[in-house]
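Being a predicted model, the structure only gives us computed values, none of them experimental.
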Amino acid sequence: MSFSLSRRNLGPGAAALAGAASLPRDARAAVTLKYANAAGPQTNSNLFNVELFAEVEKQTNGNVKAVFSYNVGGEKAIVDAMALGGVDVCVTAYTGTREFDILYSPGMFRDGGHAGKVMKGPIGQKASQVLEQRYKARLLGTGRLGPYCLFMRNEIKGFEDIKGKKIRTPPIEGCVEAVKFLGGNPTPVPFNEVYLALQQGVVDGMITALNVAVAQKFYEVCKFVVSNEFGQALDKELVSTAAWNALSPAEREILQKNFDRLEETKYYKAGVDAVAVDLATWEKSNGKGTVLNLPGNPSKALEPLNIRLMTEVFGPGSWEQMQATV
């Protein structure tokens, strides 16, 4: 089931949700939340949300449910639509806020477990505060999808080989700055245009979540994947404030508790477990030797960049604070 992101559909939905919030539950109709995502239905993030809202619908006796729309343009269009009232729930890597976007640079986190602790601490809380004002949205939580990876149309022998190459990056500062720092040419391409850009050679490679790349069958148009992590995929699950306010306190608690409970296993653990399977799928499609394990550690090389970004956005000592989180 899908819906349009056009402006004509934005106002009435938001007004209806806001009006419904003032009524007692027994006088209100069931709340149907419009969910949007830029990727296809088989990504871990979307499978997670199908299960999440099945649980929510069951536990609210059908009073809260969701309709799902996939492959909906780019993430920027989706979060902008949320700010205008056309989307109620979305999962996005992009936010256009430095507080979140710099965290995508490789080496910001030691691993997904470290990322989870940081995002629940002062740094994550500060990052979350910027969303409500910008997008009229509440951060339900951060879904740890697994590693971001570097994908190349032609083989490279080391990270220095991306120098001068056009690398598709999402419009996320941490990804863009990391590619620039390593000498590559970051080339933002909307997610729904990445397949064609790779197929036509508009870009030499790309950066995205490993699980998403496999689910979208990018292995058909991009031969090599670098198994070294190139950052952590941190999906932000946003709920518009209008939609949140339309729920009763008990319904909000059900939604929040189910997200927190399921994220640990159905998001984080599922993402970790999927890495070996996804790499095997890539190699099966493109042949032996197409999964590259490059020498060196991009995280170590990028540490000066990461210290600078953290200091600029979160202030002096923030890098040390992040690294001290255990």
Checklist entry - Any side-chain heavy-atom pair from Y195 and C222 closer than 4.5 angstrom? => result no
Item to check | Test item: E237 and N49 side chains (from C-beta on) under 4.5 Å apart, heavy atoms | outcome: yes
Item to check | Distance (rounded to the nearest 0.5 Å) between T92 OG1 and Y135 OH | outcome: 7.5 Å
Checklist entry - With no hydrogens and no angle check, do the side chains of Q125 and Q129 hold a donor and an acceptor under 3.5 Å apart? => result no
Checklist entry - Do side-chain atoms of D161 reach the backbone of G158 as a donor and acceptor pair under 3.5 angstrom? => result yes
Next on the checklist: Measuring from atom CG of L309 to atom CE of M108, what distance do you get when rounded to the nearest 0.5 angstrom?
Outcome noted: 5.0 Å
Checklist entry - Of D235, N46, T43, which is the lone residue that meets side-chain hydrogen bond (donor to acceptor under 3.5 Å, both in side chains) with N37? => result N46
Next on the checklist: Any non-hydrogen side-chain atom of K166 less than 4.5 Å from a side-chain atom of V179?
Outcome noted: no
Checklist entry - More than 12 non-hydrogen atoms from neighbouring residues, nucleotides or ligands closer than 6.0 Å to CD on E57, yes or no? => result yes
Next on the checklist: Using a 3.5 Å distance criterion without hydrogens, assess whether the side chain of T265 forms a donor-acceptor pair with backbone atoms of K269.
Outcome noted: no
Next on the checklist: Taking G113's backbone N and O only, do any of them form a donor-acceptor pair with Y268's side chain (distance below 3.5 Å, no angle check)?
Outcome noted: yes
Item to check | L182: partners by side-chain contact (heavy atoms from CB on, under 4.5 Å), with sequence neighbours left out | outcome: I162, F230, L302
Checklist entry - Taking the six-membered ring for Trp, are Y267 and F259 parallel (under 30°), tilted (30 to 60°) or perpendicular (over 60°)? => result tilted
Next on the checklist: Whether the Q232 and E229 side chains hold a donor-acceptor pair (N or O, under 3.5 Å, no angle test) is what I'd like checked.
Outcome noted: yes
Item to check | V79 side chain near T95 side chain, heavy-atom distance below 4.5 Å | outcome: no
Checklist entry - Which residues pass the side-chain contact (heavy atoms from CB on, under 4.5 Å) test with A274, sequence neighbours left out? => result N44, N211, D278
Checklist entry - Would you call K223 and R153 a side-chain contact if the rule is heavy atoms closer than 4.5 Å? => result no
Checklist entry - Where does the angle between the aromatic ring planes of F151 and W282 fall among parallel (under 30°), tilted (30 to 60°) and perpendicular (over 60°)? => result tilted
Item to check | Non-hydrogen side-chain atoms of K65 and L33 separated by less than 4.5 Å | outcome: no
